[in-house]
Amino acid sequence: MRSSLGWKGVVHGAGLLWALGLASANMYDVVEDTKVPPATCVDGCATWTSLGASASALFADGASAAVTAAASCAQPGKAVNSRTLGAWCYCANKSTTTAGTPPNTPADPDHPLDGDTFGMFNIYNSEDLWVSFTFTAGPPGEPGVGEYLRATYASQSDAMPIRFESVPGKPHTYLLFNEWPGYQHYIAGVDTGDWLRADFNKSHAMAVELVPAGQGVGDGEYVMVDTSSGLYISFCVSSCDSGKWLKAAYADRSDAMVVKLVPMGPPITNPWGYCTSTNGTPEQINVQLGGEPTAVVLAFVTFEATAPEDAPLSRITTTTPGSWIEHTGVTHVHTTAAKDRTYYMHFVRVTNLTPRERYYYQVKSNGQSSTSNWSTTFSFRAGYATGETKVAIWGDMGVYEYNNMGNVYADCADGTASDLAIHLGDHAYNMGESDEMRGDGYMSAWQRALANCPWLPVVGNHEYYDGAELGRYLDQMWGGRVWPANETDRSTATHALGALLSRGNQHGVGLHGSSPSNTSRFFSADFGLIHFVALDLNVYYGVDPCGEPCRVAQLAWLKDDLAAANANRDAVPWVIAMSHYPFYCTGCYAKQMDAEYYESNEAEIFGNANRTAAREFASAQLKGGRTPSNRTVQSSSDASIKDLMPVITAGKVDMYIAGHWHYYESLWPSTPGTTGTGGTVLQKSFVNPTVPVHVTTGNGGPPGADNFREDCPGPDCGSIPSTRFQSTAFGYGRLTAYNKTHIKYQQIANANSTLIDEFFVVKT
């Protein structure tokens with residue numbers, strides 16, 4: 001799914017320059033002017049505008065953002081699906097000109113388009129839409145793995161740049177090559193349905209003949225024929241979910257799609273590379289809850305030649321410019337699993353803030369190499385303990401073009417829609433990838449939103465992968481264990497329980513929350529009128545090696561926390577529990593599904609209950625020498641329900657919100673079932689429910705969307721008895737607690753911030 005954003009705002013300063021706007025949503029452009037060009041770029045980075053329209057098309061805000069970016073390292077919003085490790089740039093080449101190159105002079109009159117790059121504009125029946133490819137979606141019956149072609153795009157900036165390569169001996173016949181950066185493949189028809197997809201090597205590419213569209217039609221307008229079958233290419237308009245997917249399946253020329261070929265400019269041939277960090281410069285800046293509503297932790301990262309000897313600093317004021325008040329913090333030393341990269345992760349806790357007041361701040365590490373490297377100025381609004389409470393909440397969001405980073409920033413920028421952001425786990429996909437550079441790119445991209453809006457991160461299964469084994473998550477989320485300061489900067493744990501009690505104590509709310517848990521695996525926090533309870537269900541699915549000690553500790557803590565929360569209902573009337581995994585949902589039953597597949601990378605792409613993908617995953621595991629665990633999704637889910645749901649129900653939790661499944665589903669109040677299919681519907685309203693209201697909102701921006709028919713046949717095929725509303729649109733939730741009696745939940749679409757669903761829970 002691709003969207004032209006049209007954003008206008010530009011915010012910049014010493015340290016980071018951000019280009020984004022708010023007309024729509026999804027991923028914004030991130031320009032990092034303090035990053036160092038790749039070592040392979042001996043002449044530095046090329047200016048983005050010197051590379052022509054192909055480079056400008058990578059930016060969510062188009063040419064204006066490319067101008068603003070100048071020669072800086074960047075994460076252009078339309079390239080993040082393929083350039084996944086943070087800011088990058090094309091190398092400058094001082095000896096050649098890279099823009100304005102004239103089209104190739106045809107040497108072969110039978111192939112006048114050879115070597116040129118065009119966009120396809122569908123003019124059949126005045127459709128007037130561009131052809132491009134999807135990142136995750138696919139035609140009906142095909143796996144949602146993307147790169148299928150369809151004619152649904154209104155903006156030329158979304159059009160797929162297609163290079164035409166001549167087929168010798170066949171006049172006017174070409175192989176078609178997708179020039180979109182990071183997705184450079186040939187186009188062919190898939191075996192099932194002849195749907196066109198840009199995911200093939202040259203030996204499998206479809207040979208396409210261009211036939212002039214006919215008398216009365218201008219130059220450059222053609223119909224296309226698959227030479228292997230003799231069938232015309234067009235788009236599907238019936239029995240194909242209105243996706244207008246392209247396929248080579250039409251015998252009648254009158255059904256053929258007519259395309260106008262619009263020159264897209266020459267492909268970019270400059271080499272490119274990922275940029276690196278400046279010594280001692282603060283980056284990945286984010287504001288985390290500090291345990292109580294009027295406390296925050298200002299968190300950031302530096303990379304330095306020598307370890308900082310002095311405590312990190314923040315300076316904060318309520319006016320800009322104003323009189324700064326300095327605070328000191330602590331530093332955690334984090335080393336990647338490969339032991340070849342060292343991070344200095346800094347945390348400065350600031351307390352006794354005035355509720356709802358806007359504060360401006362800067363941070364620096366105070367190391368020898370960074371004595372003058374204050375960050376640019378950011379601002380946030382302090383939390384509060386009373387009054388209308390607004391929170392954004394979702395799960396499963398990484399750096400993908402269709403994510404909700406732009407939405408979260410817009411919602412929180414002026415407080416119209418949220419004052420706190422809660423991410424229910426599966427950050428980055430995955431934080432440990434490529435020696436944790438994926439985590440760097442994720443946190444750098446997030447900075448525009450999270451340096452200006454407090455957030456509360458919850459752990460998901462993907463925080464354990466690619467060698468990180470939860471370490472990156474625990475180290476980058478505020479560490480209460482360093483208060484008092486004489487505690488060690490690194491965990492010395494040699495077993496799972498030690499990891500829970502030492503390395504796990506990395507979160508402000510873990511040590512300073514309403515009921516301290518001493519860990520960021522599970523914790524609680526009061527914010528306004530809501531008591532939030534975050535749980536970790538990874539132990540039930542075999543993801544977390546902590547295992548039984550964590551399970552027992554969490555269960556005991558949960559009982560105490562809910563007892564305390566209920567005793568405090570007059571002050572904080574709403575109790576909302578949350579975790580990455582849901583208890584009840586369409587697909588949660590999955591009796592036949594292996595739990596190891598359910599928690600895997602493959603499940604994120606092919607679907608949590610995709611049985612074909614699960615069988616292939618199991619086969620690959622066996623070939624790799626791994627012994628299957630024989631745990632199913634059902635057995636793992638049932639165990640979590642048996643342990644936790646009686647406590648949650650008895651503890652009078654009002655709502656339970658989770659992610660993991662890449663869709664949105666809300667359920668009617670129902671009896672607590674013993675399996676993932678849930679129980680019997682008690683009422684079809686949310687007035688005075690006697691059980692928790694369950695919501696799954698796990699489509700904030702994952703690698704791909706799930707559907708509701710993945711566990712078919714089965715008792716949760718399509719829906720479960722308590723299903724109320726479903727949507728597969730990428731989106732996120734908004735909670736608004738107005739008072740002691742009314743709280744509203746809304747599901748919002750990432751693409752345009754429109755309302756997908758809404759309901760009130762009412763307690764009279």
Side-chain angles (χ1 to χ4, degrees), residues 1-5 24-27 57-58 60 76-84 119-122 127 129-162 176-200 206 233-237 239-248 257 259 396-404 429 604-607 610 613 662-663 699-707 710 727-731 749-752:
M1 179 185 299
R2 213 173 264 104
S3 172
S4 295
L5 305 191
S24 182
N26 290 134
M27 181 65 195
L58 300 176
K78 291 187 177 181
V80 294
N81 287 33
S82 55
R83 304 285 165 86
T84 61
M120 287 186 180
F121 189 62
N122 177 22
E127 284 280 326
L129 293 169
W130 295 90
V131 172
S132 196
F133 66 100
T134 60
F135 287 128
T136 58
E142 298 296 327
V145 293
E147 300 185 61
Y148 289 93
L149 274 63
R150 61 183 180 183
T152 59
Y153 301 93
S155 172
Q156 184 176 354
S157 65
D158 292 330
M160 177 171 61
I162 302 173
L176 308 183
F177 184 79
N178 178 15
E179 288 279 7
W180 194 283
Y183 291 86
Q184 290 98 332
H185 296 103
Y186 287 89
I187 296 170
V190 299
D191 293 335
T192 56
D194 294 315
W195 304 107
L196 266 59
R197 189 175 179 212
D199 189 42
F200 296 89
M206 174 185 290
I233 294 172
S234 195
F235 57 95
C236 179
V237 293
S239 303
C240 59
D241 72 11
S242 301
K244 298 185 179 178
W245 306 99
L246 269 60
K247 62 191 307 184
M257 179 173 66
V259 295
D396 304 78
M397 190 276 286
V399 186
Y400 295 101
E401 181 185 327
Y402 42 80
N403 70 22
N404 63 347
Y429 296 97
E604 303 292 340
I605 299 173
F606 298 109
N610 186 315
H662 302 166
Y663 58 54
N699 219 7
D706 287 319
N707 63 68
E710 291 182 10
S727 172
T728 58
F730 294 113
N750 290 353
N752 51 19

Task: Approximate separation, where rounding is to 0.5 Å, of His662 NE2 and Asn699 CG - done: 7.0 Å
- [ ] Using the side-chain contact (heavy atoms from CB on, under 4.5 Å) rule, take Leu196 and Met206 through it: C-alpha gap first, then chi angles, then the decisive distance, then the call.
- [x] CA-CA 9 Å; Leu196 266 59; Met206 174 185 290; 4.2 Å; yes
TODO: Can you see which heavy atom on Tyr402 is nearest to which on Pro703, and at what distance?
DONE: OH-O, 3.1 Å
Task: Over all atoms of both residues, closest heavy-atom pair of Tyr400 and Gly701 - done: CD1-O, 3.1 Å
Open item on the list: With side-chain contact (heavy atoms from CB on, under 4.5 Å) as the criterion, how do Gln184 and Phe177 come out once you've worked through the C-alpha distance, each side chain's angles and the decisive distance to 0.1 Å?
Closed with: CA-CA 7 Å; Gln184 290 98 332; Phe177 184 79; 3.3 Å; yes
Open item on the list: Under 6.0 Å between ring centres: does that hold for Phe200 and Tyr186?
Closed with: no
TODO: Report the C-alpha separation of Thr728 and Asp706 in whole Å, then their side-chain angles, then the decisive distance to 0.1 Å, and conclude whether the side-chain contact (heavy atoms from CB on, under 4.5 Å) test is met.
DONE: CA-CA 7 Å; Thr728 58; Asp706 287 319; over 6 Å; no
- [ ] State the CD1-CG distance between Ile233 and Leu149, to the nearest 0.5 angstrom.
- [x] 9.0 Å
TODO: Identify the heavy atoms of Cys236 and Lys247 that sit nearest to each other, and give their distance.
DONE: CB-CD, 4.5 Å
- [ ] Examine Phe121 together with Trp130 and report whether their ring centres are nearer than 6.0 Å.
- [x] yes
Task: Interatomic distance, Arg150 atom CZ to Leu246 atom CG [nearest 0.5 angstrom] - done: 11.0 Å
Open item on the list: For Glu127, give me all partners under side chain to side chain donor-acceptor pair (under 3.5 Å), at least two apart in sequence or on another chain.
Closed with: Lys244
- [ ] Please report the closest heavy-atom contact between Asn122 and Ala151, naming both atoms and the distance.
- [x] ND2-CB, 4.0 Å
Open item on the list: For the OH atom of Tyr148 and the CZ atom of Phe133, what is their distance to the nearest 0.5 Å?
Closed with: 14.0 Å
- [ ] Search all heavy atoms of Asn750 against all heavy atoms of Gly700 and return the closest pair with its distance.
- [x] ND2-O, 2.9 Å
Open item on the list: Could you work out, with side chain to side chain donor-acceptor pair (under 3.5 Å) as the rule, every residue matching Tyr183, not counting sequence neighbours?
Closed with: none
TODO: Please examine the side chains of Arg197 and Ile187, heavy atoms only from C-beta on, and report whether any two atoms are closer than 4.5 Å.
DONE: no
Task: Phe235 and Trp245 aromatic centres sub-6.0 Å - done: no
Open item on the list: What's the separation between atom CH2 in Trp180 and atom OG in Ser132, rounded to the nearest 0.5 Å?
Closed with: 5.5 Å
Open item on the list: Rounded at 0.5 Å granularity, tell me how far CE in Met120 sits from OH in Tyr153.
Closed with: 14.5 Å
Task: Within-4.5 Å side-chain heavy-atom neighbours: Glu147 and His185 - done: yes
